[in-house]
Amino acid sequence: MRLQEAPLADLLAQAGRSPFYEARFAAMGAPRDRDSLAALPLTRKQDLRDAYPFGLLAVPSAELATYHESSGTAGNPTPSYYTGTDWIDLAERFARKWVPITADDTFLVRTPYALMITGHLAHAAARSCGATVVPGDNRSLAMPYSRVVRVLHDLDVSLTWSMPTETLLWAAAARAAGWQPAHDFPALRALYVGGEPLSAARRARIGDLWGVPVVQEYGSTETGSLAGECEHGRMHLWADRAIFEVYHPETGEVTETGVGQLVVTPLFREAMPLLRYNLEDDVEVTMDDCPCGWALPTVRVLGRAAFGYRVANARITQDRLENLVFTLPAECGVLFWRAQAEPSVLRVEIEVPDATRTAACVALTELIRTTYDVPCEVAGVSPGTLVPASVLTGVHDVIKPRSLFGPDEDWSRALLYY
């Protein structure tokens, strides 16, 4: 807490320079310290949307370095903006990895750039450490999976940043190209992942597939990195850079630890100070000791683990069901699956080769029935059903906008970028 005192005073003064907090302070009084901060109402995502675009701006617009929006599409977007000084803090927090980024690394960034912060954040952190960045935006038409694995292989990529699902798609694309993920990419040192929940079994399968550590990251476009993983696989909140609280929506209570929604006050934020910002992410925060020795809170991001559907007398959650799928032996060859939870039956499809299909379906059916005691139907489908081979092997023609075509050309592609 002592590390938080001095930056908190500066943050509170800075927050009062934004129209949103200036109005809130006028109505309720300006907080002066941590105790009076606790009396301030939570800042909600809806507050950010209502203040779109610059209602939380606390610096002259000339000092802004970047503007971002979250990936949501309903109504007004959730805006975020940062100064150059903010970016120094953002990059430093992302770079806090137990498998560190070094100047010798070639770093593939395989998350969106665009308006979200995720690609820009990893890019800035890698460059701040001197690494070579390969900007492989996963929303770019010019970067299909065939090109991703070619880049991974030919450029000796040593670190990557992506969603966990991406790494499974790379593995399938690598095999389609004739490579074995764990053997034909010897430069690879670690896979940094974030952006979606990751069950323990799927994480282990990804690590086994590629033969390297899988290092998780947690954050948001509005805040940047909030937590990182230690070598013992536990996620720690960066409490030296932010104040964290847990909000319990059922009671309205706010505590330092427990299960609820994560509330964060970033301490080093010039452009857009956020006071008691409710991320609305379901988490569990503890102060348990960790063998790593970091004196930082531990967080478990529940995400879809906390959300489920009723089937018969059980609640089915993705996290738990995913664990069952990836409990199947690796020899079954299951990487991709989907499920539909109906009131009376759970239907599951797994992509599985012919040779192991029957055994995999029988085994998964038994696991589900033993775990949930609900009616279930597990079907095996051929590889390429859930993830088409064309997605893994296709090479896209990137066509720039044009208006003039010859007599034998397809002019239906006029004007737009394909």
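Hydrogens, waters and symmetry mates are skipped; everything else that's a heavy atom, side chains included, is used.
At least one side-chain heavy atom of Val109 sits less than 4.5 Å from a side-chain heavy atom of Tyr113. Side-chain contact between Leu8 and Arg34 is present, with at least one heavy-atom pair separated by less than 4.5 Å. Side-chain contact between Gln14 and Arg269 is absent, with no heavy-atom pair separated by less than 4.5 Å. In this structure, Leu48 and Tyr277 have side chains that are in contact, with non-hydrogen atoms separated by less than 4.5 Å. No side-chain heavy atom of Arg110 sits less than 4.5 Å from a side-chain heavy atom of Trp161. Contact annotation: the side chain of Val254 never approaches that of Val246 to less than 4.5 Å [non-hydrogen atoms, C-beta and beyond].
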Could you check Gln216 against Tyr192 for side chain to side chain donor-acceptor pair (under 3.5 Å), going step by step and ending with a plain yes or no? CA-CA 6 Å; Gln216 282 190 278; Tyr192 298 163; over 6 Å; no

Decide yes or no on side-chain contact (heavy atoms from CB on, under 4.5 Å) for Cys230 and Trp98, but give the supporting numbers first. CA-CA 6 Å; Cys230 72; Trp98 72 266; 5.5 Å; no

Go through the steps to decide whether Thr255 and Tyr247 satisfy the test side chain to side chain donor-acceptor pair (under 3.5 Å), and finish with yes or no. CA-CA 7 Å; Thr255 58; Tyr247 170 64; over 6 Å; no

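Residues His68 and Tyr82 bring no donor and acceptor atom of their side chains to less than 3.5 Å of each other. Judged by distance alone, the side chains of Glu270 and Thr83 do bring a donor and an acceptor atom under 3.5 Å apart. Residues Ser220 and Thr223 have side chains that bring a donor and an acceptor to within less than 3.5 angstrom of each other. There is a side-chain donor-acceptor pair under 3.5 Å between Ser225 and Trp238. Side-chain polar atoms of Asn313 and Tyr372 form no donor-acceptor pair below 3.5 angstrom. In summary, the side chains of Ser199 and Asp319 do not present any donor paired with an acceptor at a separation below 3.5 Å, with no hydrogens or angles considered. For the residue pair Ser80 / Tyr67, no side-chain donor-acceptor distance below 3.5 Å is found, with atom types taken as modelled.
Aromatic ring pairs are classed by plane angle as parallel below 30°, tilted from 30° to 60° and perpendicular above 60°; the pair Phe107 and Phe94 is tilted.
Salt-bridge check for Glu196 with Arg202: passed, with a basic side-chain N closer than 4.0 Å to an acidic carboxylate O. Salt-bridge formation is detected for the pair Glu245/Arg276: a Lys NZ or Arg NE/NH1/NH2 atom is positioned less than 4.0 Å from an Asp or Glu carboxylate oxygen. Between Asp373 and Arg369, no side-chain nitrogen of the basic residue sits less than 4.0 Å from a carboxylate oxygen of the acidic one, so the salt-bridge criterion is not met. Salt-bridge formation is not detected for the pair Arg357/Glu351: no Lys NZ or Arg NE/NH1/NH2 atom is positioned less than 4.0 Å from an Asp or Glu carboxylate oxygen. Asp240 has a carboxylate O that lies under 4.0 Å from a charged side-chain N of Arg96, or vice versa, which qualifies the two as a salt bridge. Checked for salt-bridge contact, Arg44 and Glu280 miss the test: no charged N lies under 4.0 Å from a carboxylate O. Between Glu217 and Lys97 there is a salt bridge, since at least one side-chain N of the basic residue sits less than 4.0 Å from a carboxylate O of the acidic one. With salt bridges taken as basic N to acidic carboxylate O contacts below 4.0 Å, one links Asp47 and Arg24.
Nearest heavy-atom pair, Val374 versus Ala312, reported as atom, atom and distance to 0.1 Å: CG1-CB, 4.2 Å. Residues Ser128 and Ala91 approach most closely at OG-CB, 4.2 Å, considering heavy atoms. Annotation for Ala39 and Met28: closest pair O-CE, 4.2 Å, computed over non-hydrogen atoms. Closest approach of Glu284 to Val259, counting heavy atoms only: CG-CG2, 3.6 Å.
A donor-acceptor contact shorter than 3.5 Å is absent between the side chain of Tyr145 and the backbone of Ala171. For the pair Tyr81 (side chain) and Leu56 (backbone), a donor-acceptor distance under 3.5 Å is present. A donor-acceptor pair under 3.5 Å is absent between the side-chain atoms of Thr371 and the main chain of Ile368, judged by distance alone. No donor-acceptor distance shorter than 3.5 angstrom exists from the side chain of Arg338 to the backbone of Leu386, with no hydrogens or angles considered. Here the side chain of Asn323 pairs a donor or acceptor atom with the backbone of Ala201 at under 3.5 angstrom. Of the possible polar contacts, one joining the Ser36 side chain to the Asp33 backbone as a donor-acceptor pair under 3.5 Å is found. Under a 3.5 Å cut-off, the side chain of Thr356 and the backbone N or O of Cys332 do form a donor-acceptor pair. Between the side chain of Asn278 and the backbone N or O of Lys45, no donor-acceptor pair lies under 3.5 Å. With Arg127 contributing its side chain and Ala131 its backbone, the two residues share a donor-acceptor pair below 3.5 Å. For the pair Thr111 (side chain) and Ser162 (backbone), a donor-acceptor distance under 3.5 Å is absent.
Counting non-hydrogen atoms of other residues, nucleotides and ligands closer than 6.0 Å to CZ of Phe54 gives a total above 12. The environment of CG in Asp289 is sparse: at most 12 heavy-atom neighbours from other residues, nucleotides or ligands sit within 6.0 Å. Heavy atoms of other residues, nucleotides or ligands lying less than 6.0 angstrom from CD of Gln340 number 12 at most.
With Phe326 as reference, Leu168 is the one residue of Leu168, Val334, Leu321 to meet the side-chain contact (heavy atoms from CB on, under 4.5 Å) rule. A side chain to side chain donor-acceptor pair (under 3.5 Å) with Ser158 is found for exactly one of Thr132, Asp105, Thr106, namely Asp105.
A cation-pi contact links Arg241 to Phe268, judged by a cut-off of 6.0 Å to the six-membered ring centre and 45° from its axis.
For Phe185 and His153, the ring centers sit closer than 6.0 Å to each other.
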